[in-house]
Protein chains: 2
Amino acid sequence: MQQCCIMKLKKKMKTVRNTTAKTEIQELIANSPVALSHTEIQSATNGLCDRVTIYRVLERLTVEGLIHKVVNVDGVVKYAGCHSCSEKHNHNHIHFSCQKCKSVTCLEDVESTFKMPKKYIISEMNFTLSGLCPQCS
Amino acid sequence: MQQCCIMKLKKKMKTVRNTTAKTEIQELIANSPVALSHTEIQSATNGLCDRVTIYRVLERLTVEGLIHKVVNVDGVVKYAGCHSCSEKHNHNHIHFSCQKCKSVTCLEDVESTFKMPKKYIISEMNFTLSGLCPQCS
DNA sequence: TTGCAAATGCAACAGTGTTGCATTATGAAA
DNA sequence: TTTCATAATGCAACACTGTTGCATTTGCAA
Ligand SMILES: [Zn+2]
Ligand SMILES: [Zn+2]
Ligand SMILES: [Zn+2]
Ligand SMILES: [Zn+2]
């Protein structure tokens with residue numbers, strides 16, 4: 001078969017592969033009602049793979065738009081599944097952070113408004129409410 | 001002098017002391033238009049004291065209500081001076097995080113509203129807007 | 001089935017924050 | 001001013017989180 005430019009580009013394109021680690025981690029996050037940290041994922045998967053692999057899988061899933069990163073108010077990075085961003089990725093929803101059990105939940109139906117300050121160009125919002133979750137209150 | 005219960009309590013009470021490190025760090029933060037990270041403070045003070053001391057001074061200033069902690073969207077912890085919390089400490093203002101110069105600014109005059117989700121008890125809010133600051137846009 | 005390269009495991013590293021303990025120095029009391 | 005209890009510091013050592021390089025394994029298209 002003759003290789004045209006498109007074929008050459010296709011050949012150059014990095015092809016993604018499905019691995020056990022990727023599948024398991026994705027399902028774990030998708031089935032979790034709360035966002036999960038790297039440590040929590042490591043505990044849950046229990047030796048499924050190296051901790052470096054977890055970092056790399058999380059990076060890959062984030063780039064692919066299957067999960068999104070949430071930085072908790074205490075600085076702990078957590079990951080949650082993407083539910084309502086099939087066409088365009090809009091992660092500008094509010095998150096709730098429980099001060100007791102440290103859980104982070106996506107509140108995708110809660111709306112918020114604010115007066116845009118002039119002089120600043122806003123491109124992203126990161127809103128987190130803290131307090132007690134239903135389980136802890 | 002006979003020591004009554006109150007005197008004994010007074011004696012027990014931990015007295016705060018003013019030190020060079022504490023004064024310098026507090027003034028540095030107070031005079032900064034943007035929130036400063038531990039690393040930035042360490043660079044700015046340039047060998048004034050040990051890095052552990054900076055951590056402890058920041059902790060003390062936070063407890064005393066002279067500064068407040070801000071966790072940036074990238075997880076970096078920064079500290080900003082408290083301006084409008086002389087009586088009660090209300091740090092529920094919006095912060096702005098510049099994606100280019102990584103600066104964090106307190107937007108104390110910007111108001112925001114949101115529909116409080118039921119089932120959750122809200123006690124704190126942590127809102128950060130990202131984009132380009134006046135200097136970078 | 002074969003072979004390329006995506007993905008992994010492992011070691012080693014850098015950055016950040018904490019803790020214990022000996023030493024220093026602050027400020028109230030004498 | 002001097003004394004002295006203890007708040008504060010310096011230093012070493014540690015734990016935790018995240019990254020990088022490289023050899024090896026493994027997924028999958030040809
Ligand atoms: Zn909870
Ligand atoms: Zn979310
Ligand atoms: Zn900027
Ligand atoms: Zn602030």
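In what follows, every chain begins at residue 1, and chains take the letters A, B, ... in the order their sequences are listed. These values consider heavy atoms only, across backbone and side chains, with no hydrogens, waters or symmetry-generated copies. For clarity, every value in this text was computed on a predicted model and none was experimentally measured.
What separates CZ of Arg51(B) from P of dT18(C) is a distance of 10 Å, to the nearest Å. Put simply, CD1 on Ile41(B) is 14 Å from C1' on dG17(C), counting in whole angstrom units. Atoms CD (Gln42(A)) and P (dT17(D)) sit 9 Å apart, rounded to a whole Å. What separates CD of Glu40(B) from P of dG17(C) is a distance of 12 Å, to the nearest Å. Rounded to an integer number of Å, the gap from Leu48(A) CG to dG9(C) P is 8 Å. Regarding Tyr55(B), its OH atom lies at a distance of 13 Å from the P atom of dT19(C), rounded to whole Å. Rounding to whole angstrom units, CD1 of residue Ile54(A) and C1' of dG9(C) are separated by 12 Å. The distance from atom CG of Leu58(B) to atom C1' of dT16(C) is 13 Å, rounded to the nearest whole Å.
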Please evaluate residues Phe114(A) and Phe114(B) with respect to the criterion ring pair (Phe, Tyr, Trp, His ring centres under 6.0 Å), reporting the C-alpha separation (whole Å), side-chain torsions for both, the decisive distance (0.1 Å), and the verdict.
CA-CA 9 Å; Phe114(A) 54 88; Phe114(B) 55 90; over 10 Å; no
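Aromatic pair His68(B)/Tyr79(B): centroids not less than 6.0 angstrom apart.
Of the candidate nucleotides dT8(C), dA11(C), dC4(C), dC4(C) has the atom nearest to the side chain of Arg17(A). Of the candidate nucleotides dA12(D), dA7(D), dT9(D), dA12(D) has the atom lying nearest to any side-chain atom of Val52(B). Looking at the side chain of Val77(A), the nearest of the listed nucleotides dC10(C), dG18(D), dA7(D) is dG18(D). Checking dA8(D), dA6(C), dG10(D) against the side-chain heavy atoms of Arg60(B) singles out dA8(D) as nearest. For Thr15(A), taking side-chain heavy atoms from C-beta onward, the closest of the listed nucleotides dG17(C), dA6(C), dG10(D) is dA6(C).
Below the 3.5 angstrom threshold, one finds no donor paired with an acceptor across the side chain of Arg56(B) and the base of dG17(C).
Between Thr19(B) and Cys49(A), the one whose closest nucleotide on DNA chain C sits nearer the 5' end is Cys49(A).
Inter-residue side-chain proximity for Thr128(B) and His95(B) is flagged as met; some heavy-atom pair is nearer than 4.5 Å. In this structure, Phe127(B) and Val110(B) have side chains that are not in contact, with every pair of non-hydrogen atoms separated by 4.5 Å or more.
Considering only side-chain N and O atoms, Thr39(B) lies under 4.0 angstrom from the phosphate OP1 or OP2 of dT16(C).
At least one donor-acceptor pair under 3.5 Å links the side chain of Thr45(A) to the backbone N or O of Ile41(A).
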